[in-house]
Amino acid sequence: MRKLSWMAGAAVLVMAGAAQAQSDVQVEEVVVTAQKREGTVQDTPLAVSAISGDVLQQQNVVDAGDLTGKVPNLNIGQAGNEVIISIRGVSSAGVVPQRDPSVAFHLDGVYLPRPSGANSVFYDVERVEVLRGPQGTLWGRNATAGSLNIITRKPVDRFEAAGELLVGDYSRVTAQGMYNFPIAEGLMAARAAFIVNRRDGYQENATPGMPDLGDAKEVAGRVHLLITPGERLRLLLSADYYHAGGAGTGSVLIGNGPVSYIASGRSLPYRAETNTPGHVNNKIWGFTAETTYSLDALDLVAVTSYRGDDQEVTSDSDGTATGTQTTYYFNNNRTFSQELRAASSGDGPLKYILGAYYIKETNDDNLYQYTNVARTTGVMLVRPDRFAESWAAFGQVDFDVTDSLTVFAGLRYSEDRKGNPVGITRPIGTTVNTFRPDAGSWAKTTWRLGADWEITPDNMIYGSVSTGYKAGGFSSNRNFGPETLTAYEIGSKNYFFGRRLLANLSAFSYDYKDLQVVSLAPDEAGVVRALTTNAGVSTVWGIEFEGRARITEALSIDASFGYLDAKFDKYVGAIDPLYGTAHDLSGNTLPRAPKWNGNLGVSYSMQLASGSLTARASVRYQSKVYFTEFNDRRVTVGGVALNPYAQASQDAYTSTDLSLRYQADDGWYVEAFADNLEDEAVLLSVSTDSARNFFGSYGPPRTVGIKAGFKLH
């Protein structure tokens, strides 16, 4: 906490000096579409953070995990294929086709239902928008925690080109590029972009002949075609493709029961020991058509999308060179979605959005758990026709009561249906099928009410009450219910000192009911599976700050911090998956909800004869975070008190990034960087199995590199 106080204090002291800055130096405005219409961050009455594509590229953001620390109360972890996104302590882990994430992830307004898709899109990006708090009205169900929206760069009616090559340690090579060109002036333009990312594994495999884990073998491409046959009609056609190969993300066996292998030195964060070669073959692709027809005071928009997400992963389940456990998983996901909306475009006091939404997701979901190295014994689970289907109608109205006071209200009705009609559950080599079908349906109305007051053109306060809803599902032939959230929020958005200082504050309180919690346990057939239950009532509250200051033309500062108090108010009868004991977890902290988090960045630019030299340093701080709802709860077994869950947490840490960049006036640049200067081994997630083993996934160690690129237009 002292570290965070120092960071916030330093930011305030330096920002106070902005009063003496030059009058023509201002903080740059960022345009967002958080309310499905264009506006700036400062004009949008909700807690939204926006990071421009240029900043993302300069800070080497190539996947979702790289966003951690850049937005208050945003925490992103990785567990195998799964990207675990937590906003304000609300998150989901163990997201498989019969369960949903709590953070809605969108690519250009299209919802990606599987969390594996979150790493496929971070190139040629215009901006990333992080909407904190439930977004149940405009962004739909499964936005209980918020929404993360990736907005890619679209075609423009002029020539543009860019390219970049990055080389670094662990044999890293990342190449990306873009080419934008008009096909018919004023009528048609196209844009194509790609990225190739290669890197050896961070985790050295101590077993001879086995591949290192935590590597990267990724390639992705995207094309947009923009057609504007008249002033009123706009058609955007998009296609994208992503492939990931290699050995996959590495999980280290960090302990068993109360015994920590990390503390004893038996295991190391970046050392793996397996006798099954990891293998990944993941493909994510999609097609989208966005049609906009503008009337005099109304825009009609249709967004049609069809996407595929094919996952194939082989992994060593026991994390040892002597064990015999192997997991083979593959799932072919297909998703069709259609959104229709009408939005006012006039300048009158009344603004509105009305819409309808439909999505259907189908999954050919398969899991093989082998119990011998030859893979002739074990259990197979085959679910070829799993589906999830949802319909919704929504609307939001904003009314300017006066020139400075606006009230707003939104409403959405959603219906969800899920099913698992046919399948196989049986030991390998037998014909006894114990599969039983699953099905469920749920419906919910979510809403938002609030007001914002523009005190001056540079200062606004707002307040709102909003609700969120995540659909229920099924788990081992047992349905679990939806989780719901009611959020109360007040905030203030401000420019000071001639717009040289931006300072935004928000405070919130959540009533969180029926949180969906996942734990591992054997089902009725003896298969170790992730079982989901509802965890009663929770309360979450906190405060957030984001600030940017242009002290001079050369010196700029950015800072953010978040405080979070996320607790289970009532969670009785929780079954400890390690020993089967029952616990009252009331008062425990929610998983992936650190109390403090913050970031402080300083940039200084020096003008040279034909360009500029910019040095940047940023420091991220995060307090202790738990990865299970049991926190560090003691378990009594045979009269002995054990503390096995203590190792399922990450202690407080700081991480420093440095960079030095030369930007030439004619468009080329070169940059050297070092990330995680402290070489901190940071746990991103922890999982367990039926043998009471703990497996940890770690973020990257210290990495260094150099990159060079150009931009032409």
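What you see is a predicted model, and the numbers here were worked out from it, not measured in a lab.
- At least one donor-acceptor pair closer than 3.5 Å links the side chain of N282 to the backbone N or O of E312.
- Counted by atom type alone, T371 and T377 present one or more donor-acceptor pairs between their side chains at under 3.5 Å.
- For the residue pair S414 / K444, no side-chain donor-acceptor distance below 3.5 Å is found, with atom types taken as modelled.
- Without hydrogens or angle criteria, E129 side chain to T33 main chain gives a donor-acceptor distance under 3.5 Å.
- Every salt bridge (Lys or Arg N to Asp or Glu O under 4.0 Å) that R341 has, sequence neighbours left out, goes to E339.
- No donor-acceptor distance shorter than 3.5 angstrom exists from the side chain of Q176 to the backbone of F194, with no hydrogens or angles considered.
- Ring geometry for F330 against Y328 counts as tilted: the plane angle lies between 30° and 60°, on a 0 to 90° scale.
- Across R386, R114, R383, R334, a single residue satisfies salt bridge (charged side-chain N to carboxylate O under 4.0 Å, His left out) together with D365, and that is R386.
- Results of the side-chain contact (heavy atoms from CB on, under 4.5 Å) test with T152 over R127, H224, E126 single out H224 as the only residue that passes.
- Without hydrogens or angle criteria, K418 side chain to G472 main chain gives a donor-acceptor distance under 3.5 Å.
- A parallel orientation is assigned to the rings of Y241 and H243, their planes being inclined by less than 30° (bins at 30° and 60°).
- In terms of heavy-atom proximity, Q338 sits nearest to A302 at NE2-CB, 4.1 Å.
- Judged by distance alone, the side chains of E218 and Y242 do bring a donor and an acceptor atom under 3.5 Å apart.
- No side-chain donor from either of Q369 and Q325 sits under 3.5 Å from a side-chain acceptor of the other.
- For the pair R426 and F435, the cation-pi test (distance below 6.0 Å, angle within 45°) is failed.
- Note on ring orientation: taking the six-membered ring where Trp is involved, the planes of Y645 and F694 are perpendicular (angle over 60°, cut-offs 30° and 60°).
- No hydrogens or angles considered: a donor-acceptor pair under 3.5 Å links the side chains of E389 and Y358.
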